[in-house]
Asks: 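Structure below; questions to follow.
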Amino acid sequence: EAHHLGIAFVQLHHRLIEHPAGEPRGFAQLPPPDAGDVYFDMEGDPLHGDDGLEYLFGVQYRDGKGAFKFKPFWGHSRLEEKQAFERFMDWLDQRRRKHPGLHVYHYAAYEDTALKKLSSRHATREALLDTFLRERRLVDLYKVVRESIRASTPSYSIKDIEKFYREAREGDVQTAGASIVYYERYLETGDKSLLEKIERYNEDDVVSLQLLHEWLLEQRPAGMPWRKDDSAA
């Protein structure tokens, strides 16, 4: 399949990778979609303090009417990081009770690793996070993409893969590296307009995750069984 982007006439191609029936790889890692599903992306500053700071937890989710909403959880100090992590986990727990079949979609290992680090660092919400992990509620769409799609993109970063399913991004902050620079600048100047730019970048990432999930569901072979796990209600 070819896609033509912009004026320069760039062709992108992708094909699906087939795995033996019953092998839990690629599309077989996708659980059934649920109205409670959450798309999750974090922003962190590795230059902050001794061990970095996870300062923004962003989620895209459907409200009660089915419309997508964005919700940020901010924390600008070690204490606020803990509070933001707790608010985020409690919000997820409340949503899980309302939507027992929900999953939390992210891209690559950063979010999974950071949540474990925060739970350990602050000695909080350990049992709740363990439940989410045990029930396999966190779904890494990067693994699904790598095992199900052969793409002509330069890499499998979401910024490259999203060229198949959305228009080019706009905005001042375009990369994780740029978000760190902007956040450090905010810490120096106190200019809250910099936080607004970071938040828009984070929102763009979770919107892209949601669109990626929808695109993968369209690519998924018809009749393939859904992944089963302990979160099924």
Asks: Could you tell me the separation between the CD1 atom of Ile198 and the OG atom of Ser179, rounded to the nearest 0.5 Å?
Replies: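 If I round to the nearest 0.5 Å, the distance is 6.0 Å.
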Asks: Around atom CD of Glu80, are there more than 12 heavy atoms from other residues, nucleotides or ligands closer than 6.0 Å?
Replies: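 Counting other residues, nucleotides and ligands, CD of Glu80 exceeds 12 neighbours.
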Asks: What are the two closest heavy atoms between Gly75 and Ala84, and how far apart are they?
Replies: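 For Gly75 versus Ala84, the nearest heavy atoms are N-CB, 4.2 Å.
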Asks: Would you please name every residue forming a side-chain hydrogen bond (donor to acceptor under 3.5 Å, both in side chains) with Glu147, sequence neighbours left out?
Replies: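 Glu147: side-chain hydrogen bond (donor to acceptor under 3.5 Å, both in side chains) contacts with Gln29.
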Asks: Can you check whether Ile161's main-chain N or O pairs, donor with acceptor, with Thr153's side chain at less than 3.5 Å?
Replies: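 Not at all, since once roles are kept as given, no pair shorter than 3.5 Å links the two residues.
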Asks: Are the side chains of Leu129 and Arg125 in contact, using a 4.5 Å heavy-atom criterion?
Replies: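 No - every pair of side-chain heavy atoms lies 4.5 Å or more apart.
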Asks: Is the shortest side-chain heavy-atom distance between His122 and Arg78 below 4.5 Å?
Replies: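 Counting from C-beta outward, His122 and Arg78 do come under 4.5 Å.
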Asks: Following the transitive rule for hydrophobic clusters with a side-chain heavy-atom cut-off under 4.5 Å over Ile, Leu, Val, Met, Phe, Trp and Tyr, establish whether Leu16 and Val145 coincide in one cluster.
Replies: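 Leu16 clusters together with Val145.
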Asks: Look up atom CD in Glu126 and atom OG in Ser120, then write down how far apart they are to the nearest 0.5 Å.
Replies: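 It comes to 7.5 Å.
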Asks: What pair of heavy atoms forms the shortest contact from Trp226 to Pro31, and how long is it?
Replies: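 The answer is CE3-O, 3.3 Å.
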Asks: Considering all heavy atoms of both residues, which atom of Thr131 and which atom of Arg96 are nearest to each other, and what is their separation?
Replies: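 Shortest heavy-atom separation between Thr131 and Arg96 comes out as CG2-NH1, 3.3 Å.
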Asks: How far apart are the C-alpha atoms of Val59 and Leu92, what are their side-chain angles, what is the distance that settles it, and do they pass the side-chain contact (heavy atoms from CB on, under 4.5 Å) test?
Replies: CA-CA 10 Å; Val59 293; Leu92 267 187; 5.8 Å; no
Asks: Same cluster or not: are Leu53 and Ile180 linked, directly or through other Ile, Leu, Val, Met, Phe, Trp or Tyr residues, by side-chain heavy atoms under 4.5 angstrom apart?
Replies: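 Different clusters.
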Asks: For Arg97, give me all partners under side-chain hydrogen bond (donor to acceptor under 3.5 Å, both in side chains), at least two apart in sequence or on another chain.
Replies: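 Testing Arg97 for side-chain hydrogen bond (donor to acceptor under 3.5 Å, both in side chains), a comparison that skips the adjacent residues, returns Asp93.
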Asks: Kindly confirm or rule out a cation-pi arrangement of Arg166 over Trp215, judged by NZ or CZ under 6.0 Å from the six-membered ring centre and within 45° of its axis?
Replies: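 No, a cation-pi geometry is absent between Arg166 and Trp215.
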Asks: Dump the intermediate steps for side-chain contact (heavy atoms from CB on, under 4.5 Å) on Ser77 and Tyr55, then the final yes or no.
Replies: CA-CA 8 Å; Ser77 67; Tyr55 63 83; over 6 Å; no
Asks: Which pairs count as salt bridge (charged side-chain N to carboxylate O under 4.0 Å, His left out) when at least one residue sits in residues 99-111, sequence neighbours excluded?
Replies: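 Sorted pair list comes back empty.
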Asks: Any chance the side chains of Gln219 and His14 put a donor and an acceptor closer than 3.5 Å?
Replies: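 The criterion, which ignores hydrogens and geometry beyond distance, is satisfied for His14 and Gln219.
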Asks: Taking salt bridge (charged side-chain N to carboxylate O under 4.0 Å, His left out) as the cut-off, I'd like each qualifying pair that reaches into residues 31-46, sequence neighbours left out, listed once.
Replies: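 Those involving residues 31-46 do not exist here.
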Asks: Restricting to ring-ring contact (aromatic ring centres under 6.0 Å, His included), what partner residues turn up for His76, sequence neighbours left out?
Replies: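 Residues passing ring-ring contact (aromatic ring centres under 6.0 Å, His included) with His76: Trp74, Tyr183, Tyr186.
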Asks: With a cut-off of under 6.0 Å to the ring centre and 45° to the axis, is Arg220 in cation-pi contact with Phe27?
Replies: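 The answer is no, since Arg220 fails at least one limit relative to Phe27.
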Asks: Quick one: ring-ring contact (aromatic ring centres under 6.0 Å, His included) partners of Tyr201, sequence neighbours excluded?
Replies: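 Applying ring-ring contact (aromatic ring centres under 6.0 Å, His included) to Tyr201 gives none.
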Asks: The test is side-chain contact (heavy atoms from CB on, under 4.5 Å); show your working for Leu118 and Glu81 and say whether it passes.
Replies: CA-CA 8 Å; Leu118 290 170; Glu81 175 192 70; 3.4 Å; yes
Asks: Assess the residue pair Leu141 and Ile158 against the criterion (side-chain contact (heavy atoms from CB on, under 4.5 Å)); give the C-alpha distance rounded to whole Å, side-chain angles, the decisive distance to 0.1 Å, and a yes or no.
Replies: CA-CA 9 Å; Leu141 290 182; Ile158 196 166; over 6 Å; no
Asks: Considering only heavy atoms from C-beta outward, does the side chain of Arg25 approach that of Lys143 to under 4.5 Å?
Replies: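 Result no, sub-4.5 Å side-chain heavy-atom pair not found.
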Asks: Using the test side-chain hydrogen bond (donor to acceptor under 3.5 Å, both in side chains), find all partners of Glu162 that sit at least two apart in sequence or belong to another chain.
Replies: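 By the side-chain hydrogen bond (donor to acceptor under 3.5 Å, both in side chains) rule, Glu162 matches Arg169, Ser208.
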Asks: Over all heavy atoms of both residues, which pair between Ser157 and Tyr107 is shortest? Give the atoms and the distance, please.
Replies: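 Smallest heavy-atom distance, with atoms named: C-CE2, 4.0 Å.
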Asks: Applying a strict under-4.5 Å side-chain criterion to I, L, V, M, F, W and Y, I'd like to know whether Tyr156 and Tyr165 cluster together.
Replies: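 Yes, because Tyr156 and Tyr165 connect within a single hydrophobic cluster, where side-chain heavy atoms sit under 4.5 Å apart.
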Asks: Compare every heavy atom of Ala109 with every heavy atom of Asp140, then report the nearest pair and how far apart it is.
Replies: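 Looks like OD2-N, 4.2 Å.
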Asks: Do Phe70 and Glu199 come close enough that some side-chain heavy atom pair is under 4.5 Å?
Replies: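 A side-chain contact exists here, since the closest heavy-atom pair is under 4.5 Å.
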Asks: For residues 207-218, pull every pair meeting salt bridge (charged side-chain N to carboxylate O under 4.0 Å, His left out), keeping only residues two or more places apart or in separate chains.
Replies: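 Listed once each, the pairs would be none.
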Asks: So, Phe88 versus Phe57, ring centres under 6.0 angstrom or not?
Replies: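 Distance test on ring centres: under 6.0 Å, yes.
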Asks: Just verifying a value: how many Å separate Ser119 OG and Phe132 CZ, rounded to the nearest 0.5 Å?
Replies: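 Rounded to the nearest 0.5 Å, the OG-CZ separation comes out at 12.5 Å.
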Asks: Would you say Lys98 and Arg95 make side-chain contact, with heavy atoms under 4.5 Å?
Replies: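 A side-chain contact under 4.5 Å is absent here.
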Asks: Could you tell me if the side chain of Val38 sits less than 4.5 Å from the side chain of Val206, heavy atoms only?
Replies: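 Heavy-atom side-chain distance check fails, nothing below 4.5 Å.
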Asks: For Tyr105, which residues count as a ring-ring contact (aromatic ring centres under 6.0 Å, His included) partner, sequence neighbours excluded?
Replies: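 By the ring-ring contact (aromatic ring centres under 6.0 Å, His included) rule, Tyr105 matches Tyr39, His213.
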Asks: Go through the steps for Thr124 and Glu86 under the test side chain to side chain donor-acceptor pair (under 3.5 Å), then give the verdict.
Replies: CA-CA 7 Å; Thr124 185; Glu86 290 175 336; 2.7 Å; yes
Asks: Write down the atom of Tyr142, the atom of Ala108, and the distance for their closest heavy-atom approach.
Replies: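 Taking Tyr142 first and Ala108 second, the nearest heavy atoms are CB-N, 3.3 Å.
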Asks: Using the salt bridge (charged side-chain N to carboxylate O under 4.0 Å, His left out) rule, collect all pairs that involve residues 182-194, keeping only residues at least two apart or in two chains.
Replies: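 Every candidate salt bridge (charged side-chain N to carboxylate O under 4.0 Å, His left out) pair involving residues 182-194 fails, so no pair, neighbours aside, qualifies.
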Asks: Between Ser148 (side chain only) and Gly26 (backbone N and O only), is there a donor and an acceptor less than 3.5 Å apart?
Replies: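 Side chain of Ser148 to backbone of Gly26: no pair is present.
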Asks: Under 3.5 Å, side chain of Arg137 to main-chain N/O of Leu102, donor-acceptor pair present?
Replies: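 Here the side-chain-to-backbone pair exists.
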Asks: What about Phe68 and Leu211, same hydrophobic cluster or not, with Ile/Leu/Val/Met/Phe/Trp/Tyr joined at side-chain heavy-atom distances under 4.5 Å?
Replies: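 Yes, it is one cluster - the side chains of Phe68 and Leu211 are joined through contacts under 4.5 Å.
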Asks: Apply salt bridge (Lys or Arg N to Asp or Glu O under 4.0 Å) to the pair Asp112 and Lys116, showing each step before the final yes or no.
Replies: CA-CA 7 Å; Asp112 183 290; Lys116 293 171 184 173; 2.8 Å; yes
Asks: Considering only NZ, NE, NH1 and NH2 on the basic side and carboxylate oxygens on the acidic side, decide whether Lys159 and Asp205 come within less than 4.0 Å.
Replies: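 Looking at Asp205 together with Lys159, the answer is yes, because their closest N to O distance falls below 4.0 Å.
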Asks: Using the rule that two of Ile, Leu, Val, Met, Phe, Trp, Tyr join whenever any of their side-chain heavy atoms come within less than 4.5 Å, decide whether Tyr182 and Leu56 are in one cluster.
Replies: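 Yes.
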Asks: Would you give the length of the straight line joining atom NE2 of His103 to atom CD of Glu135, rounded to the nearest 0.5 angstrom?
Replies: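 Going from NE2 on His103 over to CD on Glu135, the span is 9.0 Å.
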Asks: Output every pair passing side chain to side chain donor-acceptor pair (under 3.5 Å) with a member in residues 56-70, not counting sequence neighbours, ordered by first then second residue.
Replies: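 Listed once each, the pairs are Gln60-Gln210.
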Asks: According to side-chain hydrogen bond (donor to acceptor under 3.5 Å, both in side chains), who are the partners of Lys117, at least two apart in sequence or on a separate chain?
Replies: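 Lys117 satisfies side-chain hydrogen bond (donor to acceptor under 3.5 Å, both in side chains) with Glu54 only.
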Asks: Does the side chain of Leu30 reach to within under 4.5 Å of the side chain of Arg227, using non-hydrogen atoms?
Replies: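 They are not in contact (no side-chain heavy atoms under 4.5 Å apart), so the answer is no.
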